[in-house]
Amino acid sequence: MGDTSARFVSADSVLFTHELQSRATRPPQLEKENRALRDLVQALADSPESILRALTDTILRVLECGSAGVSLLTQHDGGKRFYWPSISGVWQQHIGGGTPREFGPCGTVLDQNKTLLFRHIENFYTYFEPVKPRVKEALLVPFYSEGKAVGTVWAVAHEPDRPFDAEDQRLLESLAQFASGAYQAVRFLENQRRTAAIVESSDDAIVSKNLDGIISSWNQGAERLFGYKADEIVGSSILTVVPPELHQEEQRILAKLRNGERIDHFETVRLRKDGSRVEVSLTISPVRDNTGKIVGASKIARDISQRKKYEAALKETEFSARILRTQDEDRRRIARELHDGVGQTIAAIAMNNSMIEKEKDKLPENVSRSVSQNEKLIQQASSDIRTVAYLLHPPLLDEIGLRSALEWYVEGFAERSKIEARLVCPKDLPRLPELSELVIFRIAQECLTNIHRHANCTKALVELASTATELKMRIQDNGQGISEEKRKEIAAGKSTGVGLRGMRERIHNVGGTFDIDSNEKGTTVFVTLPLGVVQASTVN
Amino acid sequence: MNKSILVVDDSATMRNKLRDYLEMGPFTVCAEATNGKEAIELALKHRPDLIVLDFSMPVMDGLTTARELKKLMPDVPIILFTQFGDFHDRLYGAKEVVDRVVSKSSPNELLESIRSLLPT
């Protein structure tokens with residue numbers, strides 16, 4: 001004995017279970033056992049969290065051994081290891097440690113499905129070698145929960161003067177039965193606690209009520225959503241949070257629940273403590289007792305006000321995008337009519353006049369003069385109509401692209417405004433989808449118009465650059481900048497006039513971005529537009 | 001015999017006016033086409049001495065038509081007669097494709113151009 005250098009080849013070499021029956025045994029200590037079990041039941045009722053500790057303390061006391069513990073199979077990895085949730089006695093510091101399922105005394109006990117007595121386990125399970133004090137004898141009993149092996153309870157004698165006997169076996173097996181019940185109770189409590197934690201921490205309001213609509217539980221989510229604390233409202237009617245005109249709806253909900261029906265994602269309105277209303281989506285399920293009888297309902301209420309707001313905002317954006325589109329289409333149509341209709345007529349008149357002019361020698365002098373004047377008037381009318389038409393919708397944009405249209409526009413702008421306006425644009429700027437070109441053109445047009453009206457500047461620059469994925473436009477002036485007050489409004493996203501909002505919406509509709517940078521030295525607008533993206537709002 | 005001209009314009013008013021105007025030239029309008037595709041067919045059929053071509057037309061625009069025509073009959077001069085005339089320097093490639101670009105509001109310039117392109 002004590003020769004640890006000897007190595008054995010099988011677990012049998014450290015097993016001495018058969019000796020239990022042949023050893024002299026103590027008389028049954030039934031009273032001690034009964035008292036211990038009563039105390040354990042009381043401990044389970046008082047403090048279920050520490051029941052395993054109470055169990056190992058009891059084993060230590062009743063068996064009068066050196067260490068006592070509980071080993072449980074790990075849950076997270078499908079039971080690859082045993083861990084020690086509780087140890088009493090001299091090995092107490094090893095709480096949290098454990099052994100492998102496939103190679104260890106606990107695994108052997110579960111495999112053989114009976115109580116086993118080991119002696120000097122380190123001789124076979126060598127990883128016990130450094131564990132001090134060493135095991136003289138270890139008595140292990142398997143225990144089960146719902147028919148499945150879940151672990152062992154064990155007692156260890158570290159000294160040679162305490163050999164385990166048949167009475168120890170009987171006592172430990174009796175305590176293992178208790179361990180099985182305690183384990184189930186602990187698991188149940190853990191689950192309940194986990195569920196309660198989930199309910200409590202949920203962002204959704206989770207409420208339970210009986211079939212008369214009396215609230216029986218109220219989580220923090222409900223406190224946040226409705227403004228009532230749990231202790232203010234538990235015991236009150238659920239109608240407290242139902243607007244008066246919807247009380248009938250609650251009656252219908254209760255009737256459905258009594259029939260065992262579940263209500264899914266029902267969108268309605270509820271009342272907060274402060275009297276305000278909140279849009280919610282309700283999911284309500286009947287709750288049954290263990291006989292299957294419906295006794296109440298659990299209700300999950302989700303705040304959907306933000307979603308509704310977002311939906312409304314989206315609708316508004318879609319609506320303004322539609323207005324912008326209609327406006328663009330109208331402008332294009334009017335421009336086209338002016339150009340093709342009136343423009344062609346004027347061109348025809350110009351030819352008529354030219355024909356008459358060739359015969360003007362045959363006319364009286366004042367008539368001949370009128371014919372000559374006509375030529376200038378026709379040129380003027382033609383030019384005016386073209387300017388109006390082109391401002392409404394630049395024809396060059398459709399025909400030969402953004403760069404030409406912007407060149408024409410910036411030149412015209414410089415002439416009309418007397419602002420030294422310049423366009424910088426790569427010669428190989430690619431053609432973009434029709435809508436994108438129009439958006440960029442309109443933003444440049446709107447910005448230059450704003451510069452003319454507000455910037456009080458001498459110079460303006462429109463610069464375009466493109467990469468494989470993006471078109472960038474920068475519109476810059478050297479004016480007085482946007483006033484502090486106006487800048488705050490812009491930063492706060494407040495309405496800052498139709499122009500700016502229109503520009504933002506236009507660029508957002510094609511997936512781009514719009515930013516303004518302004519100080520007393522001038523204002524710069526940055527626009528980016530993704531290229532090669534299928535634009536959902538591209539119509540026509 | 002007068003030189004023959006093919007007139008291409010989607011506007012009937014314009015085509016009629018051009019016919020009157022060019023015949024005063026004096027030139028002969030051998031045919032009128034309403035779009036680029038028709039222009040190519042009629043040009044092949046009538047072999048005009050010159051083509052007056054609108055820019056903005058359905059089916060095939062003026063520049064595309066001009067490119068096709070130049071491939072088929074490189075020696076026949078083409079005048080782009082267009083309301084975009086003011087911007088002709090911006091009509092990319094126009095000058096390389098056609099012989100002249102004339103604004104529709106300057107019909108005198110049209111006659112002058114034709115005369116210079118079709119010396120008698």
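Order of the sequence lines fixes the chain letters, A, B, ..., with proteins taken first and strands second; residue numbering starts at 1 for each chain.
Of the possible polar contacts, none joining the Gln344(A) side chain to the Met14(B) backbone as a donor-acceptor pair under 3.5 Å is found.
Here the closest non-hydrogen pair linking Met351(A) and Phe81(B) is CE-CE2, 4.1 Å. Scanning both residues, Pro107(B) and Ala350(A), for their nearest heavy atoms gives CG-O, 3.5 Å.
Once rounded to the nearest 0.5 Å, the distance linking CD1 of Ile385(A) with OG of Ser105(B) reads 11.0 Å. Atom NZ of residue Lys104(B) and atom OG of residue Ser382(A) lie 10.5 Å apart, to the nearest 0.5 angstrom. Rounding to the nearest 0.5 angstrom, the gap separating the NZ atom in Lys358(A) from the CG atom in Leu111(B) is 5.0 Å.
Atom CZ of Arg422(A) has 12 or fewer heavy atoms from other residues, nucleotides or ligands within 6.0 Å. Around atom CD of Gln327(A), more than 12 heavy atoms belonging to other residues, nucleotides or ligands sit under 6.0 Å away. No more than 12 heavy-atom neighbours from other residues, nucleotides or ligands sit within 6.0 angstrom of NZ on Lys459(A). Remark: Lys45(B) NZ is loosely packed, at most 12 non-hydrogen atoms of other residues, nucleotides or ligands lying under 6.0 Å away.
Of the atoms belonging to Leu110(B), not a single heavy atom falls under 4.5 Å from chain A. For Asn16(B), no part sits under 4.5 Å from any heavy atom of chain A, backbone or side chain.
When side chains are defined from C-beta on, Asn108(B) counts as touching Glu357(A), because their heavy atoms get closer than 4.5 Å. Here the side chains of Ser106(B) and Gln379(A) are in contact, with some heavy-atom distance below 4.5 Å.
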Using side chain to side chain contact (heavy atoms under 4.5 Å, CB included), reason through Asn352(A) and Lys17(B) one step at a time and then give a plain yes or no.
CA-CA 8 Å; Asn352(A) 278 347; Lys17(B) 218 55 255 172; 2.5 Å; yes

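Remark: Asp49(B) engages Lys3(B), Ser4(B), Leu118(B) in a side chain to side chain contact (heavy atoms under 4.5 Å, CB included) (not counting sequence neighbours).
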